[in-house]
J.: 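The structure follows.
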Amino acid sequence: MFSSELEKYSWEDITACIASKRSRDVEIALGKEHLQLDDFMALVSPAAAPYIEHMAALSRLYTQERFGKTIQMYVPLYITNSCTNHCVYCGFNHNNPIARIILTEKEIENECRAIRQMGPFENLLIVTGENPRDAGVDYLERALQIARPYFSNLSIEVMPLKSEDYYRLTQSGLNGVVCFQETYHKDRYKVYHPKGMKSIFEWRINGFDRMGQAGVHKIGMGVLIGLEDWRTDVTMMAIHLQYLRKHYW
Ligand code: SF4
């Protein structure tokens, strides 16, 4: 599991390593076809700031080489804003006295139909807060089954699930899972996520392993820029990505 792998890395050492990069390191990284973690750190370091246009041009080139001139768009559909977590930065925080809604099956279908009537959207991202009791795996499965006839690609951004539940959802049309680790700073993670299932750092971070074990076709990951040092967080995420590619290609 990645939580064990993460023990090998020190947040402070990675932060210091990124800060130590110089122009020469950035230029070496820009000259390589296959980059290592050290090169990645050079490219997100303060020393890389003057090279941003160069990086943008390279990024454009690689993107067009691999995907052509295409832009993929998706439509997020929130099917519930109910949530048992207490993330301090979120308006859906359990303590926030707002109206909570869990869409019925009929309402989900109406939303899917309305989205299709608005344009040729094929990628739907079903989003929920974290409410395993009232909007758990059974509910997600039904939502996927309802949306399936309307869209060719279905993803979810929901609470981390067990491996067997991810697998079950793939059998109901799930193509991809998006999950934000928010931050890889384990101690500070507790400050932002004080209560609820999400407060358990290992449960969230190992969710990506469980997606891989379940054979989820596409895994999307992210950090919440602005919580901690973004340079260190995206480097940690790059380490995580390398790990996932190795274990669940
Ligand atoms: S789990 Fe998601 S919806 Fe719930 S409070 Fe946290 S960020 Fe908001």
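In listed order, ligands and their atoms are each counted from 1.
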J.: Measuring from atom CD of E228 to atom NE2 of H185, what distance do you get when rounded to the nearest 0.5 angstrom?
T.: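 Going from CD on E228 over to NE2 on H185, the span is 5.0 Å.
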J.: When you look at CZ of F67, are more than 12 heavy atoms from neighbouring residues, nucleotides or ligands closer to it than 6.0 Å?
T.: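 12 or below, so no.
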J.: Quick one: sort the F2 and H240 rings into parallel, tilted or perpendicular, breaks at 30° and 60°.
T.: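 Taking H240 first and then F2, their aromatic rings lie parallel (interplane angle under 30°).
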J.: Return the number of protein N, O or S atoms with a distance to atom 6 (Fe) of ligand 1 smaller than 2.8 Å.
T.: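 Count of protein N, O, S atoms less than 2.8 Å from atom 6 (Fe) of ligand 1: 1.
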J.: Would L30 and H54 count as a side chain to side chain contact (heavy atoms under 4.5 Å, CB included) here? Give the steps.
T.: CA-CA 9 Å; L30 287 172; H54 189 148; 4.1 Å; yes
J.: Has N206 got a side-chain atom pairing as donor or acceptor with E202's backbone, closer than 3.5 angstrom?
T.: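 Checked: pair present.
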J.: Using atom types as modelled and distance alone, determine if a side-chain donor or acceptor of R100 lies under 3.5 Å from a backbone N or O of F92.
T.: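 Present.
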